[in-house]
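Report on the following structure.
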2 protein chains.
Amino acid sequence: MKHFSEITPAAARIVDAAESLIRSVGYNGFSYEDVSRMVGIRKPSVHHHFPTKGELGVIVVQRYTHRFTERLEEIGRLHETAAGRLQAYCDLFSETYATGRSLCICGMLGAESNAIPDVVQVEVRRFFEDNAAWLADVLKQGAQAGEIQLKCPAGMLADYLLSALEGSMLLGRGRQIDQGPQHVAEVFLASLR
Amino acid sequence: MKHFSEITPAAARIVDAAESLIRSVGYNGFSYEDVSRMVGIRKPSVHHHFPTKGELGVIVVQRYTHRFTERLEEIGRLHETAAGRLQAYCDLFSETYATGRSLCICGMLGAESNAIPDVVQVEVRRFFEDNAAWLADVLKQGAQAGEIQLKCPAGMLADYLLSALEGSMLLGRGRQIDQGPQHVAEVFLASLR
DNA sequence: GTCTATATCTTGATAGAC
DNA sequence: GTCTATCAAGATATAGAC
């Protein structure tokens, strides 16, 4: 299987379509036919770039995780305080949800975990581990600097915040409302003061 | 469409199977063939009880919501304090997840919201609204009684807790770990003191 | 309530030409 | 890189017998 960084422009358009479809209807909710329609090519042309659906799924998640990681690094550079970093992190989710009630790719695939190829599942897991570790780190640094007070272990709080963010998107979509992760940062940060 | 309370024992076994399948692989992850295998009858026999998949989905969610509501009433009777009620509420989710990393039916269907029949979506929405209202009520009563301190509006906190619970199941499954909603009550209640 | 048989469509995937 | 043609399997669903 090729690496996501080596894909051609034609393949990238397919990955774009697949990413958008997974966000909206999930891995088991879209087909090669859907992708081909969105990109404007025929089904076998999609298979030419990604022989199996599993390979396509893997590339989608790998590229997503890579881009997300870049945003995390950017947040680290732009914000000095834990509160600032956590707020910016939550904003990533708010912005995603604000775009047509889009879910996090890995939130969607996490729910579908039992019904997707193992190779895709592995990538989803990596995304969550990376995010939980990054959040725990931000919380620990903030506590050491005396900016925030941790009433629970940092790892537990990190998991908790990530859960609330992913869950708020799921809830918002399920309730068919525009209110998604917008309040999560507010409530979470209030609990650290 | 018939009401969930009027289903025959044969139909109930089909609903059991469908509920378990939705929990595990989602609405778009199971087929009538899967149901027929689990129940031990043929596909057309499943259609005899539930002509369309949408009708089956509706009955699954209606029964689930009804049972869940009964548990909420029970919690109201058994526990006097807000903390006790919230802890018992969180335990409902923990117990579900502890059973083979099962998700909440409506958490799963909330994610799949864009890819399920409208009639099912309506039921999912009702479940979330009911739960959010119940939680907001518990929080309000607890605050009035002076048991807990609300740093944010009750409705916002209710949504937040529900998000964290649903999200923690999704996260746990995505990370393939047994740790699910167990810590949510702990962290949430700590933030109210 | 359950069955066999069947219809119709969609799905993921391949062969081979241009 | 894209196409037409094709396939085998699976999906939802119906007809009609027992």
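We name chains A, B, ... by the order of the sequence lines, and we start the count at 1 in each one.
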Checklist entry - End-to-end bend of the helix from C:dG1-D:dC18 to C:dC18-D:dG1 (five-pair axes, 10° rounding)? => result 10°
Checklist entry - C:dG12 C1' sits how many Å from B:Asn28 CG, rounded? => result 16 Å
Next on the checklist: Using ring-ring contact (aromatic ring centres under 6.0 Å, His included), reason through A:Tyr97 and A:Phe93 one step at a time and then give a plain yes or no.
Outcome noted: CA-CA 6 Å; A:Tyr97 188 76; A:Phe93 289 80; over 10 Å; no
Item to check | Heavy-atom side-chain proximity of B:Leu192 to B:Leu157 below 4.5 angstrom | outcome: yes
Next on the checklist: More than 12 heavy atoms of other residues, nucleotides or ligands under 6.0 Å from CD of B:Glu6: yes or no?
Outcome noted: yes
Collect all protein-nucleotide pairs involving nucleotides 6-8 of chain C in which both atoms are nitrogen or oxygen and the distance is under 3.5 Å.
none

Checklist entry - Got a sec: does the CD of B:Glu80 have more than 12 other heavy atoms crowding it under 6.0 Å? => result no
Item to check | A:Arg101, CZ atom: more than 12 neighbouring heavy atoms under 6.0 Å | outcome: yes
Item to check | Audit row: A:Arg63, A:Asp16, salt bridge (Lys or Arg N to Asp or Glu O under 4.0 Å) steps and yes/no | outcome: CA-CA 10 Å; A:Arg63 194 185 68 170; A:Asp16 291 342; 2.8 Å; yes
Item to check | Which residue lies more 5' along DNA chain D, comparing B:His47 with A:Ser45 via nearest heavy atoms | outcome: A:Ser45
Item to check | Cationic N near anionic O, under 4.0 Å, B:Arg126 to B:Glu129 | outcome: no
Next on the checklist: Under 4.0 Å, counting only non-hydrogen atoms across every strand here, what does B:Ser31 touch: a base, just sugar-phosphate, or nothing?
Outcome noted: sugar-phosphate
Next on the checklist: Regarding B:Glu74 and B:Arg71, does a basic nitrogen lie under 4.0 Å from an acidic carboxylate oxygen?
Outcome noted: yes
Item to check | Salt bridge flag under 4.0 Å for residues B:Lys140 and B:Asp137 | outcome: no
Checklist entry - Checking all strands, does A:Phe30 fall into the base, sugar-phosphate, or nothing category for heavy-atom contacts under 4.0 angstrom? => result sugar-phosphate
Checklist entry - If each of B:Arg13 and A:Tyr27 is mapped to the nucleotide of DNA chain C with the nearest heavy atom, which maps nearer the 5' terminus, i.e. the 5' end? => result B:Arg13
Checklist entry - Under a single-linkage definition using a 4.5 Å side-chain heavy-atom cutoff for Ile, Leu, Val, Met, Phe, Trp and Tyr, are A:Ile177 and B:Val120 assigned to the same hydrophobic cluster? => result no
Checklist entry - Step by step, would you call B:Gln141 with B:Arg85 a side-chain contact (heavy atoms from CB on, under 4.5 Å)? => result CA-CA 11 Å; B:Gln141 285 183 28; B:Arg85 287 173 180 171; 3.4 Å; yes
Checklist outcome for this item: So the contacted stretch of DNA chain D, first to last nucleotide with an atom under 4.0 Å from a non-hydrogen atom of chain B, runs from D:dA11 to D:dA15
